[in-house]
Amino acid sequence: MAVIRKGEEIIKSPSSVMTLEDIPFGHKIAIQPIKKGAKVIKYGEPIGIAKNDIAIGACVHVHNLESERGRGDKGAK
């Protein structure tokens with residue numbers, strides 16, 4: 001179930017972000033472009049690496065983010 005719908009405006013002072021897709025509970029929203037291979041930052045801390053380019057307003061979750069700490073839903077590599 002989406003908590004934030006596609007096309008909603010999210011205020012991030014001093015600017016805003018328009019969501020590109022529905023954002024489910026617990027997922028993140030890109031507030032700036034993120035290049036493939038770049039660190040993804042949440043609350044000032046890196047939480048993983050972008051698997052592909054992520055546009056402003058896109059949903060950020062395990063489909064486009066690889067955790068630096070491991071995911072738990074994958075077997076050991």
Side-chain angles (χ1 to χ4, degrees):
M1 179 164 107
V3 174
I4 301 171
R5 297 279 178 208
K6 177 181 178 179
E8 285 190 42
E9 183 179 25
I10 307 301
I11 305 300
K12 172 70 170 113
S13 187
S15 60
S16 64
V17 173
M18 186 73 64
T19 56
L20 298 178
E21 55 196 301
D22 289 347
I23 310 295
F25 179 79
H27 294 212
K28 287 126 327 259
I29 302 167
I31 60 170
Q32 62 186 33
I34 305 169
K35 293 287 187 186
K36 178 180 180 178
K39 289 188 178 193
V40 177
I41 307 298
K42 177 181 172 183
Y43 302 127
E45 297 292 327
I47 61 169
I49 304 295
K51 291 181 184 179
N52 50 278
D53 290 346
I54 304 172
I56 295 172
C59 178
V60 179
H61 202 58
V62 297
H63 68 284
N64 58 7
L65 168 72
E66 185 66 42
S67 174
E68 292 184 304
R69 299 180 202 151
R71 286 199 3 205
D73 65 334
K74 297 175 116 181
K77 292 182 180 179

inquiry  = Quick check for you: to the nearest 0.5 Å, what is the distance between Ile54 atom CD1 and Ile29 atom CD1?
reply    = 12.5 Å
key: Shortest non-hydrogen contact from His27 toward Cys59   = ND1-SG, 3.2 Å
ask   = How about Lys28 and His61: do any of their side-chain heavy atoms sit closer than 4.5 Å?
value = yes
task = Provide the closest heavy-atom pair for Leu20 versus Ala55 in the form atom of the first, atom of the second, distance.
result = CD1-CB, 3.8 Å
remark   = Output for pair (Asn52 CG, Leu65 CG), nearest 0.5 Å, gives 10.0 Å
task = Hey, could you give me the CE/CD distance between Met18 and Glu9, rounded to the nearest 0.5 Å?
result = 5.0 Å
ask   = Hey, what do you get for CD1 (Ile34) to CG (Asn64), rounding to the nearest 0.5 Å?
value = 7.5 Å
ask   = Would you find a donor on one side and an acceptor on the other, under 3.5 Å apart, between the side chain of Ser16 and the backbone of Ile10?
value = no
query = side chain to side chain contact (heavy atoms under 4.5 Å, CB included) between Lys51 and Lys36: does it pass, once the steps are laid out?
reply = CA-CA 6 Å; Lys51 291 181 184 179; Lys36 178 180 180 178; over 6 Å; no
inquiry  = Are Val17 and Phe25 linked, directly or through intermediate hydrophobic residues, by side-chain heavy-atom contacts shorter than 4.5 Å (ILVMFWY only)?
reply    = yes
key: Passing candidate, side-chain contact (heavy atoms from CB on, under 4.5 Å) with Val60, options Ile23, Ile47, Val40, Ile31   = Val40
task = Spell out, as yes or no, whether a donor-acceptor pair under 3.5 Å connects the side chain of Asp22 to the backbone of Arg5.
result = no
